[in-house]
There are 2 protein chains.
Amino acid sequence: MRSNVAKKQHEPKSASSTASRPYRIEDQVGYLLRRAHQRASAIFQTSIGDPNITPTQYSSMVKLNEYNELSQNLLGRLVGMDKATMQGVVRRLRERGLVDSRPDPGDARRTLLSLTTEGQKLTNKLLLNGPAVSRETLKPLTAQEQKQLLDLLSKIV
Amino acid sequence: MRSNVAKKQHEPKSASSTASRPYRIEDQVGYLLRRAHQRASAIFQTSIGDPNITPTQYSSMVKLNEYNELSQNLLGRLVGMDKATMQGVVRRLRERGLVDSRPDPGDARRTLLSLTTEGQKLTNKLLLNGPAVSRETLKPLTAQEQKQLLDLLSKIV
DNA sequence: CCCATATCGTTCGTGTACGCACGATGCCAC
DNA sequence: GTGGCATCGTGCGTACACGAACGATATGGG
């Protein structure tokens, strides 16, 4: 009984004499970014052409395809994952035979990563679908809005 | 030896006779959304005022603060989490005494969730910092750009 | 009334994501 | 040189995120 204290039931807490809009979770950047990211991931999974490859695995492989060989930490910086996360991503890619590793001959702390032949083949196949994934994700927007969104996101990253 | 097959080392794969820009991971919506979401989460953690509350826990509590009582599934739909994710979020909030639950008297399948008195107190405290979190996240943008971004994100969610 | 279908909450498995602490290695100033 | 400090990779703990499968309950059509 004591737990249902007096609570106004019928007005959505507008408060404030100033004209500031009410605080709604649905209007907050963080919330919208989470939802948008969820949708983008879902589209990726259905459209990239291999349901077992995740967005982060994909970006890691694409980066390894550009550079021939990268240390784990550097790869992590390039794709925006911290080293603990990178650890798991690389382990899974290695377990599937998509990525190879060897100690860096010039620095014993580092491990150099590269795509296996199979990894290269898969990456090139997935790269064909990459543009379609982005296109589908941006579909609700006009061409101009799409450019704007990419621009604004770049600024806050 | 056999693994370093012929690979052009010096040009970033522009290809294509058409003027289409090269495909760069850094320019894809999904990638930018992931990075932007990471940054937003980091800002949330440092600015919301309680390092133990996550963004999803926060939005759940705010929603429970608006509506008095909600079933777990409905809450999940309102904050955009599937039921499996909701499960864990609610369990943790309950373990900390922030959320209470009781069986729905009208539907034995449902569990009704509500904030405890402590949960209400914490939510109201965090709500004071909510606007600052969004403000900080949007700081790199002008006022007009901020509005644009929220608008565009709403459209693709 | 009863059965097909849908919804609700749970559980399991996998994968990001990050803080923290650790040991090994590299590097630079002294 | 060597000692202090940074960097690299690893391991552990916690938390989101979701698909899939499951049992219990609800509902609507026949």
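Every chain is numbered from 1 and lettered A, B, ... according to where its sequence line falls, protein lines coming before strand lines.
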Practice task
Look only at the side chain of A:D104 and the backbone of A:R110, and say whether a donor-acceptor pair between them is shorter than 3.5 Å.
Solution key: no
Exercise for the section: Would you tell me whether A:Q28 and B:S134 have side-chain atoms, one donor and one acceptor, within less than 3.5 Å of each other? Expected result: yes
Exercise for the section: Identify whether any heavy atom of A:Q45 sits under 4.0 Å from a base atom; if not, whether one sits that close to sugar-phosphate; answer base, sugar-phosphate or nothing. Expected result: nothing
Problem - Contact nearer the 5' end of DNA chain D, comparing B:R96 with B:K83 - result: B:R96
Handout entry: Any A:R109 side-chain nitrogen or oxygen under 4.0 Å from OP1 or OP2 of C:dG23
Key = no
Practice task
Would you mind classifying the nucleic acid contact of B:A108 as base, sugar-phosphate or nothing, using non-hydrogen atoms under 4.0 angstrom?
Solution key: sugar-phosphate
Exercise for the section: Mind calculating the distance between CG (B:L113) and C1' (C:dC8) to the nearest angstrom? Expected result: 12 Å
Exercise for the section: Using only side-chain N and O atoms of B:R35, determine if any of them is under 4.0 Å from OP1 or OP2 of C:dA17. Expected result: no
Handout entry: Intermediate values then yes/no, side chain to side chain contact (heavy atoms under 4.5 Å, CB included), B:M61 and B:I53
Key = CA-CA 10 Å; B:M61 293 199 303; B:I53 295 297; 4.1 Å; yes
Completion exercise
Rounded to whole Å, the CE-C1' distance (B:M86 to C:dC8) equals 14 Å
Completion exercise
From CZ of B:R102 across to P of C:dG9 the rounded distance in Å is 13 Å
Completion exercise
Side-chain atoms of B:T111 come closest, of D:dT25, D:dG9, C:dG9, to C:dG9
Problem - Nearest listed nucleotide, side chain of B:R110, among C:dG9, D:dG19, D:dC8 - result: C:dG9
Handout entry: Among D:dA17, C:dG15, C:dC18, the one nearest A:D82 by side-chain distance
Key = C:dC18
Handout entry: Comparing A:G106 and B:A42 on DNA chain C - which has the more 5′ nearest nucleotide
Key = B:A42
Fill in the blank from the handout: Ranking C:dG15, D:dA17, D:dA21 by distance to the side chain of B:T56, first place goes to D:dA17
Practice task
Under 4.0 Å between any heavy atoms, over every strand shown, what does B:R94 touch: base, sugar-phosphate, or nothing? Just pick one.
Solution key: nothing
Exercise for the section: Determine, stepwise, if the pair A:S114 / A:N68 fulfils side chain to side chain contact (heavy atoms under 4.5 Å, CB included). Expected result: CA-CA 6 Å; A:S114 55; A:N68 246 332; over 6 Å; no
Practice task
Check every atom of D:dC16, C:dT10, C:dA21 against the side chain of B:V89 and return the nucleotide holding the closest atom.
Solution key: D:dC16
Fill in the blank from the handout: Among D:dG9, D:dC16, C:dG15, the one nearest any side-chain atom of B:T54 is D:dC16
Exercise for the section: Could you check whether A:D107 gets within reach of a base, just the sugar-phosphate, or nothing at all, counting any heavy atom under 4.0 Å? Expected result: sugar-phosphate
Practice task
Quick one: label B:Q72 by what it contacts on the DNA or RNA (base, sugar-phosphate, nothing), any heavy atom closer than 4.0 Å.
Solution key: sugar-phosphate
Practice task
Rounded off to whole Å, could you give me the CG-to-P distance for the A:L33 and D:dC16 pair?
Solution key: 18 Å
Practice task
Give a yes or no on whether a salt bridge exists between B:E118 and B:K121, defined as a side-chain N under 4.0 angstrom from a carboxylate O.
Solution key: no
Practice task
For A:T85, answer base if it contacts any base atom (sugar-phosphate contacts may also be present), sugar-phosphate if it contacts only those atoms, and nothing otherwise; contact means non-hydrogen atoms under 4.0 Å.
Solution key: base
Completion exercise
Side-chain atoms of B:Q57 come closest, of D:dC16, C:dA17, D:dG11, to D:dC16
Problem - Phosphate-side-chain proximity, A:Q87 and D:dG9, N/O vs OP1/OP2 below 4.0 Å - result: no
Exercise for the section: Using the closest heavy atom to pick a nucleotide of DNA chain D for each, name whichever of A:N73 or B:G80 lands nearer the 5' end. Expected result: A:N73
Problem - Integer-rounded Å distance: D:dC8 C1' and A:L70 CG - result: 15 Å
Practice task
Ignoring hydrogens and angles, state whether a donor on the side chain of B:D151 or B:S154 is under 3.5 Å from an acceptor on the partner side chain.
Solution key: no
Exercise for the section: For A:R91 and D:dC12, give me the distance from atom CZ to atom P, rounded to whole Å. Expected result: 11 Å
Practice task
Answer with base, sugar-phosphate or nothing: what part of the nucleic acid does B:R39 contact at a heavy-atom distance below 4.0 Å?
Solution key: nothing
Problem - Nearest listed nucleotide, side chain of A:R77, among D:dA15, C:dA17, D:dC8 - result: D:dC8
Exercise for the section: Measure from the side-chain N and O atoms of B:S101 to the backbone N and O of B:L112, and report whether any donor-acceptor pair falls under 3.5 Å. Expected result: no
Exercise for the section: Answer with base, sugar-phosphate or nothing: what part of the nucleic acid does A:R92 contact at a heavy-atom distance below 4.0 Å? Expected result: base
Practice task
Mind calculating the distance between CG (B:L93) and C1' (D:dA15) to the nearest angstrom?
Solution key: 12 Å
Practice task
Would you mind classifying the nucleic acid contact of A:S71 as base, sugar-phosphate or nothing, using non-hydrogen atoms under 4.0 angstrom?
Solution key: sugar-phosphate
Handout entry: Whole angstrom value for the distance that separates P of D:dA20 from CG of A:N52
Key = 12 Å
Problem - Nucleotide nearest B:A84 (side chain, heavy atoms from C-beta), chosen from C:dT16, D:dG19, C:dG19 - result: D:dG19
